[in-house]
Amino acid sequence: MRIRILITLSILFTILWSTSCRKDFEYTASNGHLSFSKDTVYLDTVFSNIGSSTYTLKVYNDTKDDVIIPNIALRNGIESFYRLNVDGVAGNNFTDIPIYAKDSLFILIETTIDITDNSINELLYTDAIQFDNEPNLQSVELVTLAKNAIFLFANSNTEHIDLYNDESGNPIQIEGFNIPDENLNFTKDKSYVIYGYAIVPEDKELIIDAGARVHFHQNSGILVKNKATLTINGELSESDELLEREVVFEGDRLETEFASIPGQWGAIWISAGSTNNTINHLTIKNATVGLFVEGKENEAEASLNISNSRIYNSTRYNLWSKSAEIEANNIVLGGSGSSSLFIENGGSYSFIHATIANYWNKGFRFNPSVVISNTSSNNGFGLDLIKADFKNCIIDGSSQNEISLQSNNENSLNYNFQNCFIKFNENQSSTNDSSFYQFDNPAHYSNIQTNGNLDYYFPFENDFRIGLDSEIINKGDVNTANFTPLDIIGITRIMSPDLGAFQAKEKEF
């Protein structure tokens, strides 16, 4: 009996072994019967000579037979700017690729496009992945828009500088290089791509024309040195989506998935001793610190005049100021990982028709939208806050209280809010000195609104236009509005000013 069982098991094992080790699968040719996850693969816009993200195409065999694809190749052959990887193997031409019945394979696609003609600003590059040959040829189109650009980076003589301290008190060191004299005027003709920190040297001025686009690589930015000047001459655009006359600062990844990722690049740093900087119609997005402005201690200097500008989606602060003198009107400071506006170590400030609203949704946020202090967050050293005036402004966000006033009780802390919306819930306040928030105290406040429906368009997308249901319509001071008679998108506000940077308008969806 045992012998019979052993013989039976041996026969079964032999059958199973021979089946599992079968190596003579029969394939039929694909014969044009493949299907694809996409008819066309659009690789988002890239800069010339900068590699793209990786895109995926899935190839399906929906038949009941195991098939073999005789050939997979790029239409432009070895001259193509595209690169393929078929089921883990890199190349541009593949033969006899099998797909089992009801199975699929992945093709990964990348590109680096070289625009050799400097007279060309944009190039729409196309190719195709071809499967099989005639008469069974199938293809999937590949499309990429490549932009020519001016690249600024350190060739030699780099400078190592401590930018600022991180939240743990550790210095952030940057590598900088002087912008050559011939590049001190950014135009709209081509985009600019910056690697490292581009330094505006002492006694030099960087002028940026309307419509210019400036892109920063990771850990890159602009440093305006002592006695240097930054002048940004953006203009009002016809389209608030295209911003064709606006100056735009953003990261160097142009793919759609990077459009709202914060912290892609460093900061714009206006250092102490840099005076008479002017910014008009500038958008800064997706930085670590959007704009960092330093002034000289105990010296009244016109550090910056900024108007009609937007800064949002910074991982740390949108506007960070130390001991500076800033005049700001028609500005939007949106979502940020910490405070949207952080003023420390005193200084002198005027904000007119500003929308400061922090609806950060990329993680936890512990600080209020606006922090104003006469001390340094780094070493506790204090300086006088000469003035911090806010008129016809919005201070708002997704937290219960969106303002913090901090004093060392040694240096002066002068502040004044007139015709402002300030989100503040007294019952939810954790402040140590409630005397700072007596909104009926005429010495510091007049016509303050602390709650109500602002009727933003899309606050979590940093779109702080207000609709006709807003409760801040016609709440602005007319005399103040005369200083900036048009809102940030060119709508008149003189007769009935609303609070913030935008006049109310009917929502458009």
Side-chain angles (χ1 to χ4, degrees), residues 186 188 205-214 222 224 229-240 243-249 268 270 274-285 287 290-293 295 301-312 314 317-321 324-334 340-341 343 347-357 370 387-395 418-420 462-466 476-494 497-503:
F186 291 4
K188 67 175 183 178
E205 180 182 14
L206 173 61
I207 300 172
I208 302 181
D209 294 346
R213 297 293 187 262
V214 185
I222 291 176
V224 186
T229 303
L230 173 66
T231 301
I232 297 179
N233 296 319
E235 298 175 359
L236 179 65
S237 300
E238 291 186 10
S239 170
D240 197 42
L243 297 176
E244 72 281 356
R245 302 292 296 166
E246 190 103 354
V247 175
V248 179
F249 288 174
I268 305 302
I270 296 176
S274 170
T275 60
N276 299 316
N277 299 284
T278 59
I279 294 175
N280 191 27
H281 284 289
L282 168 68
T283 292
I284 300 176
K285 57 184 178 178
L291 189 56
F292 177 44
V293 186
E301 296 182 294
S303 306
L304 172 66
N305 188 306
I306 180 171
S307 58
N308 305 305
S309 296
R310 311 175 217 202
I311 310 175
Y312 58 87
S314 304
Y317 308 113
N318 288 321
L319 176 54
W320 179 10
S321 177
E325 181 176 328
I326 296 177
E327 300 282 334
N329 65 85
N330 266 359
I331 69 166
V332 176
L333 303 178
S340 191
L341 171 63
I343 293 173
S348 178
Y349 306 89
S350 172
F351 289 83
I352 295 175
H353 279 289
T355 296
I356 307 169
V370 173
K387 76 171 183 178
D389 290 349
F390 293 77
K391 298 179 180 180
N392 290 6
C393 292
I394 295 172
I395 297 174
Q418 175 186 331
N419 292 76
C420 290
N462 293 293
D463 184 349
F464 295 105
R465 290 174 294 173
I466 56 175
D477 175 68
V478 174
N479 292 327
T480 299
N482 286 330
F483 287 100
T484 174
L486 301 180
D487 80 351
I488 195 171
I489 56 176
I491 299 175
T492 183
R493 60 158 61 104
I494 295 178
D498 305 332
L499 301 186
F502 295 97
Q503 284 290 102

Review point. With a 4.5 Å limit on heavy-atom distance, are the side chains of I488 and T355 in contact?
Key: no
Exercise for review: Using atom types as modelled and distance alone, determine if a side-chain donor or acceptor of N419 lies under 3.5 Å from a backbone N or O of K391.
Suggested key: no
**Study point:** ring-ring contact (aromatic ring centres under 6.0 Å, His included) partners of Y349, counting only residues at least two apart
**Key:** none
Exercise for review: Measure the shortest side-chain to side-chain distance between L291 and I279 over non-hydrogen atoms and say whether it is less than 4.5 angstrom.
Suggested key: yes
Point to revise | Any side-chain heavy-atom pair of I356 and F390 under 4.5 Å | key: yes
Practice item. Please test E238 against E244 for side-chain contact (heavy atoms from CB on, under 4.5 Å), starting from the C-alpha separation and ending with a verdict. Key: CA-CA 7 Å; E238 291 186 10; E244 72 281 356; 3.3 Å; yes
Review point. Looking at V370, L333, I395, which one forms a side-chain contact (heavy atoms from CB on, under 4.5 Å) with S340?
Key: L333
Review point. Can you say whether the rings of W320 and F292 are parallel (under 30°), tilted (30 to 60°) or perpendicular (over 60°)?
Key: tilted
**Study point:** Heavy-atom side-chain proximity of N276 to T231 below 4.5 angstrom
**Key:** no
Exercise for review: Supply the atom-to-atom distance E205 CD to N277 CG, rounded to the nearest 0.5 angstrom.
Suggested key: 9.0 Å
Point to revise | Gap separating the NZ atom of K387 from the OG atom of S348, nearest 0.5 angstrom | key: 4.5 Å
Review point. At their closest point, which heavy atom of R465 faces which heavy atom of D240, and how far apart are they?
Key: CD-OD2, 4.4 Å
Point to revise | Side chains of T278 and N305, donor plus acceptor under 3.5 Å | key: no
**Study point:** Closest non-hydrogen atom pair, L304 against I270
**Key:** CD1-CD1, 4.2 Å
Revision key, fill the gap. Closest non-hydrogen atoms of D487 and Q503, given as atom of the first, atom of the second and distance, are OD2-N, 2.9 Å
Check your understanding: Taking the side chain as C-beta and beyond, is there a heavy-atom pair between T480 and P497 under 4.5 Å?
Key -> no
Practice item. With rounding to the nearest 0.5 Å, note down the distance linking OG in S307 to NE2 in H281. Key: 6.5 Å
Exercise for review: Indicate yes or no: at least one non-hydrogen side-chain atom of I331 is less than 4.5 angstrom from one of F351.
Suggested key: yes
Exercise for review: Have a look at F249 and tell me which of I311, T283, I232 forms a side-chain contact (heavy atoms from CB on, under 4.5 Å) with it.
Suggested key: I232
Check your understanding: Of the non-hydrogen atoms in I466 and F502, which two are nearest, and what is the gap between them?
Key -> CD1-O, 3.7 Å
Review point. Does a side-chain heavy-atom distance below 4.5 Å link R245 with K188?
Key: yes
Practice item. Mind checking ring-ring contact (aromatic ring centres under 6.0 Å, His included) for F464 and listing every partner two or more places apart, or none if nothing turns up? Key: Y456
Practice item. Can you measure from CD1 (I394) to SG (C420) and round to the nearest 0.5 angstrom? Key: 9.0 Å
**Study point:** H353 (side chain) donor-acceptor with A501 (main chain) under 3.5 angstrom
**Key:** no
Practice item. Search all heavy atoms of F483 against all heavy atoms of I352 and return the closest pair with its distance. Key: CB-CD1, 4.5 Å
Practice item. Specify the closest pair of heavy atoms between V214 and F186, including all atoms of both residues, with the distance to one decimal. Key: CG2-CD2, 3.7 Å
Practice item. Would you check, one step at a time, whether the test side-chain contact (heavy atoms from CB on, under 4.5 Å) holds for I326 with S321? Key: CA-CA 9 Å; I326 296 177; S321 177; 3.7 Å; yes
Review point. From S309 OG over to E246 CD, what is the distance, rounded to the nearest 0.5 angstrom?
Key: 6.5 Å
Check your understanding: For the side-chain contact (heavy atoms from CB on, under 4.5 Å) test, which of N482, D498, N330, N392 pairs with R493?
Key -> N330
Practice item. May I ask you to test the R213-L243 pair for a side-chain heavy-atom distance under 4.5 Å? Key: yes
